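Everything numeric here is computed off the predicted structure, so don't read it as measured data.
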Amino acid sequence: MKAIKMIFSIFSLMAIFLLAACGGTDEKTTVKSETPKTTDEKSYTVEHAMGSTTIKGTPKRVVILTNEGTEALLALGVKPVGAVQSFTGNPWYEHIADKMKGVKVVGLESEVNVEAIAALKPDLIIGNKMRQEKIYDQLSAIAPTVFAETLRGDWKENFKLYAKALNKVDKGKEVIQDYDSRIATLKEKLGDKTKMKVSMVRFMAGQVRIYHKDSFSGVILNDLGFARPESQDKNDFAELNVTKERIPAMDGDILFYFTYDTGDGKGSELEKEWIDDPLFKNLEVAKKGEVHKVSDPIWNTAGGVLAANLMLDDIEKIFLKK
């Protein structure tokens with residue numbers, strides 16, 4: 001009897017060990033079958049004015065250091081966490097103010113606040129070599145940084161770079177296609193009106209400029225096929241520091257002028273002085289009543305895709321009512 005009980009006890013113990021072993025195997029199998037968490041962390045490299053930058057994942061916290069770049073981000077559906085203040089905004093241009101609520105100011109294009117940028121913990125910084133070359137290394141130490149080469153007329157070149165940096169190339173193509181389509185439609189509506197020679201002048205404290213074809217508004221006029229006065233039909237930016245002896249060079253079939261005023265009234269005072277000058281009033285374009293004041297941010301300083309479309313609105317209203 002004792003022998004039978006001993007055998008039974010041995011079999012019981014063996015069964016317990018077998019069950020425990022089976023339980024251990026199940027536990028290990030469960031651990032191995034767990035699926036690792038996946039994240040959208042694919043890297044891509046962007047070639048730009050300062051070299052090349054590798055960006056991991058799609059940027060979510062972006063700081064932008066130019067006015068035209070701010071417009072590009074908004075058009076691409078990206079609200080920056082930080083941006084440089086608009087040139088004549090408080091702090092933003094009127095046409096983007098609603099879209100920029102809650103965005104932190106990180107200085108001016110020419111005077112960026114690096115500490116303010118670092119505090120925002122960005123995962124991408126977009127700037128411009130012409131404005132911020134000296135602080136590129138400081139910015140790169142904070143986050144991946146991409147710089148456009150310059151700021152002149154062809155905003156579309158910078159826009160394409162920003163779309164790459166934001167990993168939104170397809171959206172970027174869509175925005176450009178919409179703009180190009182609008183240009184084609186408006187150009188057709190304008191017809192022979194594009195033969196009118198368009199003159200462009202800017203007033204700012206202490207300086208008057210006559211704008212050429214490689215300016216923001218100059219490129220848009222060129223896209224539409226407008227003629228320019230001979231003195232302005234040049235593939236460069238502008239004639240700077242113009243004196244009153246050059247007023248005759250402002251003549252054309254139609255003249256647009258815009259004034260940069262920081263709030264102290266000096267830009268507006270200079271505008272009035274020149275517009276009221278007998279030499280200016282003697283221009284054929286002035287005699288015909290074809291002098292039009294337009295928005296400086298829209299026609300010049302904002303410099304981006306949103307302003308470009310608003311400038312097309314102005315052109316449509318002014319020319320198609322004739």
Point to revise | Between CD1 on residue Ile126 and CD on residue Gln132, distance to nearest 0.5 Å | key: 11.5 Å
Practice item. List in chain and number order the residues that pass side-chain hydrogen bond (donor to acceptor under 3.5 Å, both in side chains) with Asn113, two or more places apart in sequence or in another chain; answer none if no residue qualifies. Key: none
Check your understanding: With no hydrogens and no angle check, is any side-chain donor or acceptor of Asn309 less than 3.5 Å from a backbone partner on Val305?
Key -> yes
Practice item. Flag the pair Tyr260 / Phe87 as yes when at least one side-chain heavy-atom distance between them is below 4.5 Å, and no otherwise. Key: yes
Study note, to complete from the structure: Closest non-hydrogen contact found for Tyr162 with Ala148 is OH-CB, 3.9 Å
Practice item. Verify, without hydrogens or angle tests, whether Ser199 (side chain) and Met250 (backbone) share a donor-acceptor contact under 3.5 angstrom. Key: yes
**Study point:** Side-chain (Glu290) to main-chain (Leu255) donor-acceptor, under 3.5 angstrom
**Key:** no
Exercise for review: Could you tell me whether a side-chain N or O of Ser181 sits under 3.5 Å from a main-chain N or O of Gln177, the two making a donor and an acceptor?
Suggested key: no
Review point. Got a donor-acceptor contact below 3.5 angstrom from the Glu71 side chain to the Ala307 backbone?
Key: yes
Review point. Quick one: ring-ring contact (aromatic ring centres under 6.0 Å, His included) partners of Phe237, sequence neighbours excluded?
Key: Tyr211
Practice item. Mind jotting down which residue pairs meet the salt bridge (Lys or Arg N to Asp or Glu O under 4.0 Å) criterion with at least one end in residues 107-123? Sequence neighbours excluded, please. Key: Glu109-Arg131
Check your understanding: Parallel under 30°, tilted from 30 to 60°, perpendicular over 60°: which one fits the rings of Phe319 and Phe256?
Key -> tilted
Check your understanding: Say you draw a straight line from CG of Leu65 to OG of Ser110; how long is it, rounded to the nearest 0.5 Å?
Key -> 11.5 Å
Check your understanding: Do the side chains of Ile254 and Phe203 join up, straight or via other hydrophobic residues, at under 4.5 Å, putting them in one cluster?
Key -> no
Check your understanding: Between Arg202 and Asp296, is there a salt bridge with N-O shorter than 4.0 Å?
Key -> yes
Indicate every side-chain donor-acceptor pair of residues 278-289 with a distance under 3.5 Å to a residue at least two apart or in another chain.
unit_1, atom_1, unit_2, atom_2, d
Asn282, OD1, Lys287, NZ, 3.2

Revision key, fill the gap. Output for pair (Met311 CE, Asp223 CG), nearest 0.5 Å, gives 9.5 Å
**Study point:** same_hphob_cluster(Val169, Val146) at 4.5 Å side-chain heavy-atom cutoff
**Key:** no
Practice item. For Asn90, look at atom CG and say whether over 12 heavy atoms of other residues, nucleotides or ligands are found less than 6.0 Å away. Key: no
Review point. Can you check whether Lys197's main-chain N or O pairs, donor with acceptor, with Asp253's side chain at less than 3.5 Å?
Key: yes
Practice item. List for me each residue that meets side-chain hydrogen bond (donor to acceptor under 3.5 Å, both in side chains) alongside Lys213, sequence neighbours excluded, and say none if there are none. Key: Asp233
Taking only distance into account, with no hydrogens and no angle test, what donor-acceptor pairs under 3.5 Å do side-chain atoms of residues 44-51 form with protein atoms, sequence neighbours excluded?
unit_1, atom_1, unit_2, atom_2, d
Tyr44, OH, Ala165, O, 2.8
Thr45, OG1, Thr54, OG1, 3.1
His48, ND1, Met50, N, 3.3
His48, ND1, Phe147, N, 3.2
His48, NE2, Thr53, OG1, 2.8
His48, NE2, Thr145, O, 3.4

Check your understanding: How about Trp299 and Tyr257: are their ring centroids closer than 6.0 Å?
Key -> no
Check your understanding: With side chains defined as the heavy atoms from C-beta onward, is the minimum distance between Asp98 and Trp92 less than 4.5 Å?
Key -> no
Exercise for review: Heavy atoms only: give me the nearest Gly252-Pro229 pair and the separation to one decimal.
Suggested key: CA-CG, 4.3 Å
Review point. Between Arg246 and Glu239, is there a salt bridge with N-O shorter than 4.0 Å?
Key: yes
Exercise for review: Determine yes or no for a side-chain-to-main-chain donor-acceptor pair under 3.5 angstrom, with Arg61 supplying the side chain and Leu120 the backbone.
Suggested key: yes
Point to revise | Min side-chain heavy-atom separation Thr88-Pro297 under 4.5 Å | key: yes
Exercise for review: Give the cluster check for Val84 versus Ile125: same hydrophobic cluster or not, with ILVMFWY residues linked at side-chain heavy-atom distances below 4.5 Å.
Suggested key: yes
Check your understanding: Does any non-hydrogen side-chain atom of Ile64 lie less than 4.5 Å from one of Val106?
Key -> no
**Study point:** Same cluster (ILVMFWY, side-chain, under 4.5 Å), Val219 and Phe226
**Key:** no
Check your understanding: Quick one: are Leu73 and Lys79 in side-chain contact, heavy atoms under 4.5 Å?
Key -> no
**Study point:** Close side-chain approach of Leu312 and Ile220, heavy atoms under 4.5 Å
**Key:** yes
Review point. Side chains of Asn235 and His212: does their closest heavy-atom pair fall under 4.5 Å?
Key: no
Check your understanding: When you look at NZ of Lys173, are more than 12 heavy atoms from neighbouring residues, nucleotides or ligands closer to it than 6.0 Å?
Key -> no
Check your understanding: If you measure from the Lys or Arg side-chain nitrogens to the Asp or Glu carboxylate oxygens, is any gap between Arg182 and Asp313 under 4.0 Å?
Key -> yes
Review point. Is the shortest heavy-atom distance from the side chain of Met100 to the side chain of Pro80 under 4.5 Å?
Key: yes
Exercise for review: Spell out, as yes or no, whether a donor-acceptor pair under 3.5 Å connects the side chain of Asp261 to the backbone of Ser268.
Suggested key: yes
Check your understanding: Should we say atom NZ of Lys164 is surrounded by more than 12 heavy atoms from elsewhere, each under 6.0 Å from it?
Key -> no
Exercise for review: List the atom of Pro59, the atom of Leu166, and the distance in Å for their closest heavy-atom pair.
Suggested key: CD-O, 3.9 Å
Practice item. Output yes when Lys189 and Glu316 qualify as a salt bridge under the 4.0 Å nitrogen-oxygen rule, no when they do not. Key: yes
Check your understanding: Would one find more than 12 heavy atoms of other residues, nucleotides or ligands at under 6.0 Å from atom CD of Glu94?
Key -> no
Point to revise | Approximate separation, where rounding is to 0.5 Å, of Leu240 CG and Met204 CE | key: 9.0 Å
Check your understanding: In terms of ring plane angle, is the pair Tyr93 and His95 parallel, tilted or perpendicular, where the classes change at 30° and 60°?
Key -> parallel
Practice item. For Thr194 and Gly191, indicate whether the former's side chain and the latter's backbone hold a donor-acceptor pair under 3.5 Å. Key: yes
Check your understanding: So does Lys171 pair up with Glu174, basic N to acidic O under 4.0 Å?
Key -> yes
Practice item. Is it possible for you to say whether Phe159 and Met130 belong to one hydrophobic cluster, with membership spreading through side-chain heavy-atom contacts below 4.5 Å? Key: no
